[in-house]
S.K.: 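Take this structure first; my questions come after.
Quantities reported herein were computed from a predicted structural model and do not represent experimental measurements.
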Amino acid sequence: MQLYHWLGFDSKTMSVRTELIAGATTFLTMCYVLAVNPTVLSNTGMDRAALFTSTALASALATLLLAFLAKLPFAQAPSMGLNAFFAFTLCQALGYTWQQALAISLIEGVAFLLITFIHVREYILYAIPTNLRYAISVGIGMFIAFIGLKNAGIVVNNPNTFVSLGKFTPTAILGIVAILVSGVLMARNVKGSLFFGIIITTLVGIPMGVTEVPQHWLPVSMPQSLSPVFCKFQFDGLLSFRTVMVVVSLLLVNIFDTVGTLVGLAYKTNIVKSDGTIPHVNEAMMSDALGTTIGSLLGTSTITTYVESASGIAEGGRSGLTSFTVGMLFLISLFLSPVFMLIPGAATSGALVMVGVLMLDNVKRMDLSTIDESFPAFITMITMVLCYSIADGICLGILSYVAMKLCVRKWQDLNATLLVLSVIFILNFIFG
């Protein structure tokens, strides 16, 4: 029971079974990171087997930190956007070695710790207007649903129209099945509907050939060695203005990915107070900063809070016991990697789309009565999806908010933090 107290679990209002199912659901909707992150980072020449271990271990430690420090039902892992930045921008486009890129990640992590310790990120969070906070929550929901549709091949790239409806391949059909199964189970108020939807769809995918079971498959294997990537930093050649701009860019993207996700998830857990403050938000940000620093030591890219945490929240997760469960499952995955590698991306599509549906409810809380309020909210939501970036959606939303308020002379709605952020965003877009 002492463990429950440290995790913020209240036996009077919460259920252990619900928290465990919520944690398992969150884990299943984000465990694709165990397959995707090593694949992306291995493009730099890093050892893929070692990357699997570093991904699982960094995700586990960061999420456990969040469970005990913030006591919130959120999960953390290497960012899917920033791992691509690491591999394709830092290493391929800018020519850094992967050892130098790891050193840059460490520098960013330490800087992240500093600005979190002096509460800079907390000031930024509370400077965001309430209407934009609701828009961020809705935009993240739409973004999550879009990821689900994309992972299943239901929505695909099209050179003429940018995106279009994909062909009815076995993967797309399984994604549609996943969405329908998850939706029906949720409509019938089945407890653990998203969790069971993933399991059922994974099994359905076996005869369809989407869930691939290798020959001589065994569910258990020993963890791969971490030594090829552990603390392999190279600081030579990093003392330059270009490196400074790279670190600043990483900080900005990470700050607003995390802030946007925390805002959206906080509204889903109904913990936001009437004055807009979020309990334990600074602790959540601190665990994120610590996770990024630890992740760089272990040999992986920047850690961030995952929007897929919303799937566990939708299952009723409300305390650190949910995130504790996620962290422990990441530790177990070190030994059960063959099992988790079986779950196809299409099987998680149902959970992701239904989470998007649930997060849409914040639309009714938004003030859409005037253009100077509705326009920035619209920009925030639509650019998150179309730019495929939570950070870009927040940046463009804040810029449009400041521009509208200045133009209609509603200066009282602005604050110094918003103005400073706007200048930083503009400089980042110009020089980033």
Side-chain angles (χ1 to χ4, degrees), residues 3-4 6-9 16 18-38 51-80 82-83 109 112-113 116 195 223 226 254 257-258 261-262 264-266 268-269 271 280-337 340 348 351 355:
L3 175 64
Y4 292 167
W6 288 340
L7 295 171
F9 177 81
V16 172
T18 298
E19 298 287 320
L20 294 179
I21 289 178
T25 301
T26 295
F27 176 77
L28 283 176
T29 57
M30 65 181 289
C31 68
Y32 64 86
V33 69
L34 294 172
V36 176
N37 194 57
L51 283 169
F52 178 87
T53 301
S54 68
T55 301
L57 197 55
S59 302
L61 294 176
T63 302
L64 289 173
L65 273 172
L66 190 145
F68 287 102
L69 291 178
K71 301 174 177 57
L72 295 171
F74 307 157
Q76 298 184 320
S79 167
M80 283 295 100
L82 292 177
N83 60 3
F112 220 16
L113 276 173
T116 302
F195 173 82
L226 196 62
N254 202 0
D257 266 348
T258 304
T261 302
L262 286 176
L265 296 177
K268 288 307 298 178
T269 55
I271 63 171
H280 303 296
V281 69
N282 198 55
E283 289 88 344
M285 291 178 175
M286 181 60 74
S287 65
D288 182 274
L290 286 169
T292 292
T293 307
I294 292 170
S296 63
L297 294 172
L298 294 173
T300 189
S301 53
T302 303
I303 302 292
T304 190
T305 304
Y306 260 57
V307 292
E308 285 85 352
S309 303
S311 62
I313 294 170
E315 290 294 349
R318 292 296 180 270
S319 75
L321 183 55
T322 294
S323 47
F324 178 81
T325 303
V326 178
M328 295 307 296
L329 287 173
F330 270 120
L331 287 178
I332 293 172
S333 71
L334 288 167
F335 301 92
L336 298 175
S337 58
F340 299 113
T348 66
V355 165

S.K.: State, to 0.1 Å, how close Met30 and Val326 come at their nearest heavy-atom pair, and which atoms those are.
M.R.: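 Closest approach of Met30 to Val326: SD-CG1, 4.4 Å.
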S.K.: Under the rule for side-chain hydrogen bond (donor to acceptor under 3.5 Å, both in side chains), what residues qualify as partners of Thr305, not counting sequence neighbours?
M.R.: Gln76
S.K.: Of all heavy-atom pairs between Ala56 and Leu334, which one has the smallest distance, and what is that distance?
M.R.: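 What the structure gives for the nearest pair is CB-CD2, 3.6 Å.
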S.K.: Got a sec, which pairs hit side chain to side chain donor-acceptor pair (under 3.5 Å) with one end in residues 322-332, sequence neighbours left out?
M.R.: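 Qualifying pairs, neighbours excluded: Glu19-Thr322.
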S.K.: Begin with the C-alpha distance, continue with both residues' side-chain angles, and end with the deciding distance and a verdict on side chain to side chain contact (heavy atoms under 4.5 Å, CB included) for Leu34 and Phe52.
M.R.: CA-CA 6 Å; Leu34 294 172; Phe52 178 87; 3.7 Å; yes
S.K.: Rounded to the nearest 0.5 Å, what separates atom CG in Asn83 from atom CD1 in Ile303?
M.R.: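 Here the rounded value is 10.0 Å.
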S.K.: Going by salt bridge (Lys or Arg N to Asp or Glu O under 4.0 Å), name the pairs with one or both residues in residues 286-299, residues two or more places apart or in two chains.
M.R.: Arg121-Asp288
S.K.: How many angstroms lie between CD1 in Ile21 and OG1 in Thr26, if you round to the nearest 0.5 Å?
M.R.: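 Rounded to the nearest 0.5 Å, the CD1-OG1 separation comes to 12.0 Å.
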S.K.: With sequence neighbours excluded, what pairs up with Leu69 under the side chain to side chain contact (heavy atoms under 4.5 Å, CB included) test?
M.R.: Leu65, Glu283, Ser287, Leu290
S.K.: Closest heavy-atom contact between Ala289 and Thr116?
M.R.: CB-OG1, 4.0 Å
S.K.: With Phe27, which residues qualify under ring pair (Phe, Tyr, Trp, His ring centres under 6.0 Å), at least two apart?
M.R.: Phe330, Phe340
S.K.: State the CZ-CG distance between Phe324 and Leu64, to the nearest 0.5 angstrom.
M.R.: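 Phe324 atom CZ to Leu64 atom CG measures 6.5 Å (nearest 0.5 Å).
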S.K.: Check side chain to side chain contact (heavy atoms under 4.5 Å, CB included) between Leu61 and all other residues, then give those that pass, not counting sequence neighbours.
M.R.: Leu57, Ile294, Leu298
S.K.: Does Leu113 form a side chain to side chain contact (heavy atoms under 4.5 Å, CB included) with Met286? I'd like the steps, not just the answer.
M.R.: CA-CA 7 Å; Leu113 276 173; Met286 181 60 74; 3.6 Å; yes
S.K.: Using a 4.5 Å cut-off on heavy atoms from C-beta on, say whether the side chain of Phe112 contacts that of Thr293.
M.R.: no
S.K.: Closest approach of Val355 and Ala310, non-hydrogen atoms and distance?
M.R.: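 What the structure gives for the nearest pair is CG1-CB, 3.3 Å.
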S.K.: If the condition is side chain to side chain contact (heavy atoms under 4.5 Å, CB included), which residues does Thr269 pass it with, not counting sequence neighbours?
M.R.: Pro73, Phe74, Ile271, Ile313, Arg318
S.K.: Using the test side-chain hydrogen bond (donor to acceptor under 3.5 Å, both in side chains), find all partners of Thr304 that sit at least two apart in sequence or belong to another chain.
M.R.: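 Partners of Thr304 under the side-chain hydrogen bond (donor to acceptor under 3.5 Å, both in side chains) test: Thr258.
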S.K.: How many angstroms lie between CG in Leu72 and NE2 in His280, if you round to the nearest 0.5 Å?
M.R.: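 Atom-to-atom, Leu72:CG and His280:NE2 are 6.5 Å apart.
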S.K.: Could you work out, with side-chain hydrogen bond (donor to acceptor under 3.5 Å, both in side chains) as the rule, every residue matching Thr29, not counting sequence neighbours?
M.R.: Ser311
S.K.: For residues 51-60, which residue pairs qualify under side chain to side chain donor-acceptor pair (under 3.5 Å), counting only residues two or more places apart or in two chains?
M.R.: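 Passing the test, one end in residues 51-60: Asn37-Thr55.
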S.K.: State which residues pass side chain to side chain contact (heavy atoms under 4.5 Å, CB included) with Val281; sequence neighbours excluded, sorted by chain then number.
M.R.: Glu122, Leu125, Tyr126, Leu262, Ile278, Met285
S.K.: Heavy-atom distance under 4.5 Å between the side chains of Phe68 and Leu7, does that happen here?
M.R.: yes
S.K.: Under 4.5 Å between any side-chain heavy atoms of Lys71 and Phe9, yes or no?
M.R.: no
S.K.: Are Thr302 and Pro78 side-chain neighbours, meaning at least one heavy-atom pair lies under 4.5 Å?
M.R.: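 Answer no - side chains too far apart.
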S.K.: According to side-chain hydrogen bond (donor to acceptor under 3.5 Å, both in side chains), who are the partners of Ser333, at least two apart in sequence or on a separate chain?
M.R.: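 Counting only residues at least two positions away or on another chain, Ser333 forms no side-chain hydrogen bond (donor to acceptor under 3.5 Å, both in side chains).
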S.K.: Of the non-hydrogen atoms in Thr18 and Gly317, which two are nearest, and what is the gap between them?
M.R.: CG2-N, 4.4 Å
